[in-house]
Protein chains: 2
Amino acid sequence: MRLVVARCSVDYIGRLTAHLPLATRLLLVKADGSVLVHSDGGSYKPLNWMSPPCALVETDTTWTVTNKAGEQLVITIEAVEHDSAHDLGVDPGLVKDGVEAHLQRLLAEQIQTLGDGYRLVRREYPTPIGPVDILCRDPEGLAVAIEIKRRGEIDGVEQLTRYLDLLNRDPLLAPVRGVFAAQEIKPQARTLAQDRGIACLVLDYDALRGLDNKEDRLF
Amino acid sequence: MRLVVARCSVDYIGRLTAHLPLATRLLLVKADGSVLVHSDGGSYKPLNWMSPPCALVETDTTWTVTNKAGEQLVITIEAVEHDSAHDLGVDPGLVKDGVEAHLQRLLAEQIQTLGDGYRLVRREYPTPIGPVDILCRDPEGLAVAIEIKRRGEIDGVEQLTRYLDLLNRDPLLAPVRGVFAAQEIKPQARTLAQDRGIACLVLDYDALRGLDNKEDRLF
DNA sequence: GAGTACATTTCGACG
DNA sequence: CGTCGAAGTGTACTC
C-alpha cells in the first residue's frame with residue numbers, strides 16, 4: 001500500500017464525468033492497483049476512486065488509472081507532501097454477525113411473539129417471485145405471511161403486498177393475512193400497511209435475543 | 001488527517017458486531033474524528049469504520065471510537081509501523097455530471113423516440129407524491145406518463161404505478177398510459193410492468209447522445 | 001429533520 | 001456469470 005499526500009486535481013471519465021479542483025488530498029494506492037482519493041472529511045466513501053482490476057501509469061505530474069472498460073481516473077499532481085509505501089500482507093477478513101437474518105431466525109424460534117397459539121409453518125416459504133420470510137398459522141389455523149426488515153420502509157410493504165397477492169391465489173392457503181415486522185417502522189410505511197390491512201409489529205432485538213439467552217440458561 | 005499503519009485487531013459493536021483478526025492495516029483518522037480501517041485490497045469500502053460525528057479516545061494499546069448512538073469501534077494495536085499527520089484543508093468538493101438526469105433531458109428533447117406525433121407536456125410533472133419524470137401526449141392527444149431509470153427494476157414500476165393511480169384521478173388527464181423507460185430493464189420489472197399494462201422502453205444512451213451530437217453538427 | 005431517490009453504489013447469496 | 005436483494009449503506013434534494 002502506498003500513501004501519497006499531494007496537492008492535486010482529479011478527473012474521472014467513465015460512467016459519469018467528475019472533476020475535483022486543485023486541493024491537498026490523500027491518494028491511496030492499494031496492492032491490486034486500485035486508487036482511492038480521500039479528503040479530510042466526509043464519510044468512508046472516497047471523493048473519487050478506481051476499482052480493481054486497473055492499471056496505474058505514472059509520469060512526473062500525472063497519474064492515469066485505467067480499467068478494462070476504458071474508464072479513466074486522471075490525477076494531476078502539483079506538489080507532493082508525503083509519499084510512503086507499506087507492506088500489509090493479506091488480510092484475514094471480516095467476521096460479521098448480521099441483523100436481518102438473525103431477526104428472522106429469532107422470530108421464527110419465538111413465533112409466540114405474534115400471540116399465543118401461533119404455529120410456524122416455515123421460514124423462507126417459496127412463492128413464484130421469491131420466498132416470503134416466514135409463513136405461520138394463527139390460533140384459528142389461518143395463514144399469516146411475515147415480512148421482516150431491519151428498518152420498515154415503504155418498499156417492504158410493497159414487497160409483502162406482492163407476496164400476499166400470490167399466496168392468496170393458492171386455495172390451500174387463502175385467506176392469508178400479512179404482518180410487517182421490523183425493528184423500526186417508518187410512519188409512511190405504517191400508513192400504507194394499515195391502508196392495505198397489513199398488521200405492523202415492532203421487533204425488540206434485545207428482547208428477542210434476551211429470551212433466547214433465557215432459554216439457554218435453562219441448561 | 002492522520003495516517004497510521006499498524007498491526008492491530010478491530011472490533012465493532014453497534015448495528016452489528018464484527019471482528020477483524022490481528023493483521024497489519026491502515027488506520028485513517030480524518031479531521032472530523034472519523035476513522036477508516038483499510039486493508040491492501042478490496043474496494044473503496046473500508047473493512048471497518050466509524051462515521052462522524054464521533055470521538056476517538058486513545059490509550060497505549062487501544063483506540064476506542066464512539067458515536068452518539070453508542071456504537072463502538074475498538075482497535076487494539078500491537079505494533080505501529082508508521083504514524084504521520086497532515087493538514088489538508090477543506091476540500092472544494094466534487095463536480096458531477098450524472099446519468100439519470102442526462103437521460104431525462106435527452107428523452108425530453110427527443111420525445112419522438114416514443115413514436116411520431118408525440119408531444120412533450122413537461123419534465124418533472126408534479127403529483128401529490130412527487131414529480132413524474134416526463135408527461136407527454138400521444139398522437140391521439142392522450143396523456144402518457146414516463147418514468148426513467150438507469151436500471152429498470154421492480155421499484156421503478158411500483159413508483160410509476162403510484163403516479164398513474166394519482167394522475168388518472170385527474171379528469172383533465174385521464175386516461176393516462178404509463179411508459180417505463182430505462183437503459184436496461186430487468187426481467188422481473190418487465191413482467192410486472194406488462195401485468196399492469198405499462199409499456200417498456202429500452203433507452204440507448206449513446207444513440208440519444210449521438211442524435212444530440214448530430215443536431216450539434218448541423219451548425 | 002424526515003422522507004425519497006440515486007449511486008462510478010459495493011457486497012454477498014443463489015441459481 | 002448474471003440476477004437479486006441488503007447495506008453499519010452514503011449522499012443530495014425536497015418538504
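What you are looking at is a predicted structure, and each value in this text was computed from that prediction instead of being measured. Lettering follows sequence order; numbering is per chain, from 1.
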In whole angstroms, the gap separating C1' of C/dA5 from CZ of B/Phe180 amounts to 13 Å
Is any side-chain heavy atom of B/Asn168 less than 4.5 Å from a side-chain heavy atom of B/Tyr163?
no
C1' gap between C/dA7 and D/dA7, integer Å:
13 Å
Using atom C1' of each nucleotide, how far apart are D/dG10 and D/dA6 to the nearest Å?
14 Å
If only side-chain N and O atoms of A/Trp49 are considered, is one of them under 4.0 Å from the OP1 or OP2 phosphate oxygen of C/dT10?
yes
D/dC4 C1' sits how many Å from B/Ile185 CD1, rounded?
17 Å
Enumerate the protein-to-nucleotides 13-15 of chain C contacts in which both atoms are nitrogen or oxygen and the separation is below 3.5 Å.
none

Taking the side chain as every heavy atom from C-beta outward, state whether A/Thr62 and A/Thr59 have any pair of such atoms under 4.5 Å apart.
yes
Contacts of type salt bridge (Lys or Arg N to Asp or Glu O under 4.0 Å), residue A/Arg122, not counting sequence neighbours
none
Nearest-Å distance, NZ (B/Lys149) to P (C/dT9)?
14 Å
B/Glu71 has an atom CD; how far is it from atom C1' of D/dG8, in whole Å?
6 Å
Could you tell me the separation between the CG atom of A/Asp155 and the C1' atom of C/dC6, rounded to a whole number of Å?
13 Å
Partners passing salt bridge (Lys or Arg N to Asp or Glu O under 4.0 Å) against A/Arg177 (at least two apart in sequence or in another chain):
A/Asp138
Is a donor from one side chain sitting under 3.5 angstrom from an acceptor on the other, for B/Tyr12 and B/Glu71?
yes
Just jot down the salt bridge (Lys or Arg N to Asp or Glu O under 4.0 Å) partners of B/Asp170, sequence neighbours excluded, or say none.
none
Contacts of A/His82 meeting ring-ring contact (aromatic ring centres under 6.0 Å, His included) (sequence neighbours excluded), chain-then-number -> B/His82, B/His86
Filtered N/O pairs between nucleotides 11-15 of chain D and protein, under 3.5 Å:
residue: D/dT11; atom: OP1; partner: A/Ser43; partner atom: N; Å: 3.4
residue: D/dT11; atom: OP1; partner: A/Ser43; partner atom: OG; Å: 2.5
residue: D/dT11; atom: OP2; partner: A/Ser43; partner atom: OG; Å: 3.4

Donor-acceptor side-chain pairing of B/Arg196 and B/Thr161 below 3.5 angstrom
yes
Would you call B/Asp83 and B/Val5 a side-chain contact if the rule is heavy atoms closer than 4.5 Å?
no
Check whether any side-chain N or O of B/Ser51 sits under 4.0 Å from OP1 or OP2 of D/dG10, and answer yes or no.
yes
What does B/Met50 touch in the nucleic acid at a heavy-atom separation under 4.0 angstrom: a base, only the sugar-phosphate, or nothing?
base
Could you give the CD-to-C1' distance, from B/Gln104 to C/dA5, as a whole number of Å?
13 Å
C1' atoms of C/dC14 and D/dG8, separation to the nearest Å
24 Å
note: A/Ile148, atom CD1; D/dA6, atom C1'; distance rounded to Å ~ 14 Å
C/dT9 C1' sits how many Å from A/Asn67 CG, rounded?
15 Å
